[in-house]
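A short worksheet on the structure shown next.
Keep in mind that the numbers below use all heavy atoms, side chains included, and drop hydrogens, waters and symmetry copies. Convention: sequence-line order gives letters A, B, ...; per-chain numbering from 1.
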Amino acid sequence: MPQQVSSRVAFSEPAHTLRRIEKPSLHGKLLPKSSVTFLLFRTTESTMPRYDAKRIEPKWQAFWAEHDTFATPDQPQQPGAGKLYVLDMFPYPSANGLHVGHPEGYTATDIVSRYARMQGKHVLHPMGWDAFGLPAEQHAIKTGTHPRETTYANIDNFRRQLQMLGFSYDWSREVSTTDEDYVRWTQWIFLQLFDSWFDPEFEWTGPDGKKRTGKGRPISELPIPAEVEAEGAEAVRRFRDEHRLAYQSEAPVNWCPELGTVLANEEVTADGKSERGNFPVERRKLRQWMLRITSYAERLLSELDDLDWPESVKSLQRNWIGKSVGAEVDFFVLDPNQSSDEARKQRASTGFPAKPGDDVLRVYTTRPDTLYGATYMVVAPEHPIVDSIVTAEQKDAVEQYRQKAAHKTDLDRTDLAKEKTGVFTGAYAINPVNGEKTPIWIADYVLMSYGTGAIMAVPAHDERDLEFAQTFDLPIIPVVQPGDEKTDPIGFTEHGTAINSGDYNGTPTAEFKKKITADLAKQGLGREAVNFRLRDWLFSRQRYWGEPFPIWQELDEAGNPTGFVRAVDEAELPVTLPDMDDFAPKGTPEPPLSAAPEEWLYRTAEDGTKLRRETNSMPQWAGSCWYYLRFCDPKNGDAFIDPEKEKYWLPVDLYIGGAEHAVLHLLYSRFWHKAMFDLGHLQSAEPFQKLVNQGMILGEAELTGYRIPPDMDVSEQTDEMMATELQGNWVSARDAHEVDGEWKQKSTGATLEAVALTAEQVDKKGNEFHLKDRPEIVVDSRAHKMSKSRGNVINPDEVVDVYGADALRLYEMFMGPLEQTKPWSMSGVEGVFRFLGRVWRMIADDNAEEPVINPDVQDVAATEEQDRVLHRTIKAVTEDIDKLSFNTAISRMMEFVNEFSGQKPRPKAAMSDFTLLLAPFAPHLAEELWQLLGNDDTLTYTPWPKFDESKIAESEIEIPVQVNGKLRAKIRIPADADRQQMQDLAAADETIAGQLEGKNIVKTIAVPGKLVNFVVK
RNA sequence: GGCCGAGUGGCGGAAUGGCAGACGCACGGGACUUAAAAUCCCGAGAGGGGUCACCCUCGUGUGGGUUCGAGUCCCACCUCGGCUACCA
């Protein structure tokens, strides 16, 4: 909305209005700079409302701190009321401080926590810091300030801001992931994973009574196959290492040669360049730590069902896990000397799965029913079979392609996605169902990391295969007939009936899949197979400011790593970061910690083995994976959490945070939780029972006009109206829309230039805004994401400075539904600020020098109507909080105030109840009013008001009367009128009688307490 | 391309299948004031009629459907937003 040219800031003398004078330009800062002009006025008399957040808020924050009001009690306030664990996603304490998105979720959880306390529940509501991470390290490289210093300074600022907002956290439980005591247990959990393997066969029953297959178990219980045992101790060690939940493997990292450093994925732009400097980034394989999250894929998927999470988040997680059911099929690689029949016979005798040494290409497909249409095969460039099958003529071309593929950046990949590339290997395989000789290609559209790294290509029924086949002129055989005869089978990727498929012709797709999978299995050529998109979790980073791994690498005599590692002794945890002055990249892909002092890096074990520390560090996810556990028992020196406390508090009853964590954080946490459960350290199966995502807060809407480019020829437009609008290059806002970040004219598709306007350039006509010099042009307003570059970032400090914390809290809850994206509006903040002023004046005496109770508030009994309003409000607010529908709860309180503030006298009891309802939303003001109402302790644990249905009920109600579904009249009837009475009363109404006259009543619908509807002809 | 979500006044948004637009912003009018601010009161979906304490028509992205009755349920389409991207 435009900020009209008008005045908003007043000057006045009295001290309690000084805050408005201190920063008269504040509105200029808070509102879009361009759209406001100030007219400043002076007065010698105070006319400002006396509701003085600047006095009230610090007073009560100090009171709460002094009395440890929010320290988690040992017991529920009311016996049997139960516990409630209310958790926020803890923030990364950035140098910028809080943005307005933080208080949104935090206010919601604070309301729930305060409300639950008043209901007598035992509430755990903690806060902490996810404090490892890149920015502090980069700041250190730039300035030389140690990341620890920056981090703890930022934490202090965040804590100050959160306390300024009056959140009821139990600060005695505060933890930071960077605390040594916390790091110790993060490392300890890693060691538990390191000391475990996943037994896929293990059958057991979960705490929910459901049967499960597959469980994490101690590595000592891993059965060692006899042939491995026979190979000796090293082979056994290697076998164990290969099965651990935390294991090492070669994995590609983003190496930027120009910057001489490894980059995190977040530091690489979508087009494969470094965010800093825009240099090319290549992928280089390095030894990395991985966590075997894939072994938990099935459980992470199936146990989602019982969680009270938004369906969208569940669906994101399901997609991310990406389970698909299909078949693995063996294609025999053709020996040029054998005919295909012979090959098939030989294959049939060897059985599935293929044995080592078989020259077999195994593919994974979700559409085994299209086997007859497989006209070629593709393997990933890295596929190991390539070396053994490539023919002499093709060797060079294949080698070249593999080289190129290996060095491809993300940019090349996405670019090449548009055009398929590949090279023929010269080799052929035999299609197991029809004996057809099928050429084998390599192409980078097949990924080594999914399925078997090889596919059978069915160009007729797969988009990618079709594109590839068309590029390289490969045969296309349709094998699925769409149900609709008119549809071309080529390019048809859905289910239909089989054609060109031998004896299977006419079989519907679903049935065919099952049948052919079974038939292949019988012949030993295939079997049903399940695949997951989910990959193992790359758990190491080449960073300083993260948890060091509690791992030693073993070195040989020459000081080179042997590849074997050993865990740091538990008693030596935590492994703390060495003090280093220089965090700058060393120009090699080695992590910064490899430049740590020697005494940190090296050691000789008791058995004489030389050891070197693991120099990779853990990702930021590590600390955030389990912080919800530590909050239950933050000071425990003997365990990461006391089992009794875990049993009592877990799972988290309400978890609120941004949707950006819908997949990774929540999936990783669930994985760790399940692994720790399997190992007997936890008793709950899932960490977060109920999850809510708060919506994003956009910047304030700005006025925008639209212009077409000057070179466009307006005369081409045939439409006369259009021509008028285009004249002078302006178009109507109604004719403009944004496509991929660009403004386009809907009617012509022309690219537009969007122009932000100032209020001075705009006129209001009726309800629309128009350009002053071009009144026919309608002006639009739009909200965008807050960003520094746009200059539309709202700083909570400044809002609190002008309007107070209660107003900020209340506004953020009043904006709209919690889960919805919604734009900021500073005048909306003023709206709730005015509401708080009205609340103040309803209960407090605004004319008194000292805060005292309003003389109109008296110890009188409430009238029936007053009781009705009060109890209706209690009911509505209570139910709305239960639904997390805070915006409507606030509306209800506004209605209450609108109703009561004009009344004299106002019953004190009703004012007290209202104050309690307000308390979770605007706790400072509520505490102050509670005191004025004659109470001398905090209202934090005062019982929540109860409502009485009988007081809400009215004896007479108004209901609508419809004729043929159209509203024709409203009548007053007794609340308990039955159907017949309602009909009679409705028919007796003058207007209705007129409507019914001479008509034939076909049917009458009367819903008691609701409405009457006559159907006439 | 795929998946998920959403379209209601000038704006943010309310509405167990039952009076569309609660509450708030912005806007207009009035009271108070030398004036302004602050505060309080009143008005308002759009269009039309009028015997101004009243009535009619249209109205929740578009087109169909179910129903006595649809913002709400079903089908198709359009637009916007978010996430994801060759997963065979």
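One finds a salt bridge joining A:Arg318 and A:Glu311 here, because a Lys/Arg side-chain nitrogen approaches an Asp/Glu carboxylate oxygen to under 4.0 Å. Ion pair A:Glu879/A:Arg892 not flagged as a salt bridge, since none of the NZ, NE, NH1 or NH2 atoms sits closer than 4.0 Å to an Asp/Glu carboxylate oxygen. With salt bridges taken as basic N to acidic carboxylate O contacts below 4.0 Å, none links A:Glu895 and A:Arg872.
Applying the Watson-Crick and G-U wobble criteria (two distances, each under 3.5 Å), B:G28 pairs with B:C42.
Of the P atoms belonging to B:C27 and B:C77, the separation is 43 Å, rounded to the nearest Å. The same atom, C1', is picked in B:G10 and in B:U62; the two are 23 Å apart, to the nearest Å. Comparing the P positions of B:C41 and B:G24 gives an interatomic distance of 11 Å, to the nearest angstrom. For B:C4 and B:A88, the C1' atoms lie 23 Å apart once the distance is rounded to whole Å. Comparing the C1' positions of B:U16 and B:G69 gives an interatomic distance of 16 Å, to the nearest angstrom. Only the P atoms considered, B:G81 is 23 Å distant from B:C86, to the nearest whole Å. A gap of 13 Å separates the P atoms of B:A46 and B:G21, to the nearest Å. Here the separation of B:C54 from B:A37, taken at their P atoms, is 34 Å to the nearest Å.
A straight line from CG of A:Leu316 to C1' of B:G2 spans 12 Å, rounded to a whole angstrom. Between the CG atom of A:Asp846 and the P atom of B:C40 there is a distance of 10 Å, rounded to whole Å.
The closest side-chain donor-acceptor pair between A:Ser885 and A:Thr888 falls under 3.5 angstrom. Between A:Ser324 and A:Asn531, the side chains place no donor N or O within less than 3.5 Å of an acceptor N or O (distance only, hydrogens not considered).
Each of B:A88, B:C86, B:U39 was ranked by its minimum atom distance to the side chain of A:Asp444; first place goes to B:C86. With B:C68, B:A88, B:A26 as the choices, the nucleotide that has an atom nearest any side-chain atom of A:Thr365 turns out to be B:A88.
For the pair A:Lys323 and A:Phe532, the cation does not sit on the ring face, since its NZ or CZ is not both under 6.0 Å from the ring centre and inside 45° of the axis.
Base orientation for B:G9: syn, the chi torsion being within 90° of 0. Taking 90° from 0 as the syn/anti boundary, the base of B:C77 is oriented anti.
A:Val446 comes within 4.0 angstrom of a base, heavy atoms only. Within the 4.0 angstrom heavy-atom criterion, only backbone atoms of the sugar-phosphate kind lie near A:Ser324; the bases stay farther away.
Residue A:Arg968 places at least one side-chain N or O closer than 4.0 Å to OP1 or OP2 of B:C56. Taking side-chain N and O atoms only, A:Lys966 has a distance below 4.0 Å to OP1 or OP2 of B:C58. For A:Arg834 and B:C25, the shortest distance from a side-chain N or O to OP1 or OP2 is below 4.0 Å.
Residues passing the side-chain hydrogen bond (donor to acceptor under 3.5 Å, both in side chains) test with A:Arg367, sequence neighbours excluded: A:Asp369.
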How does protein reach along nucleotides 12-21 of chain B, written 5' to 3' as B (base within reach of a heavy atom under 4.0 Å), S (only sugar-phosphate), or - (no contact)? BSS-B-BB--
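In this structure, A:Phe468 has its ring center closer than 6.0 angstrom to the ring center of A:Tyr376.
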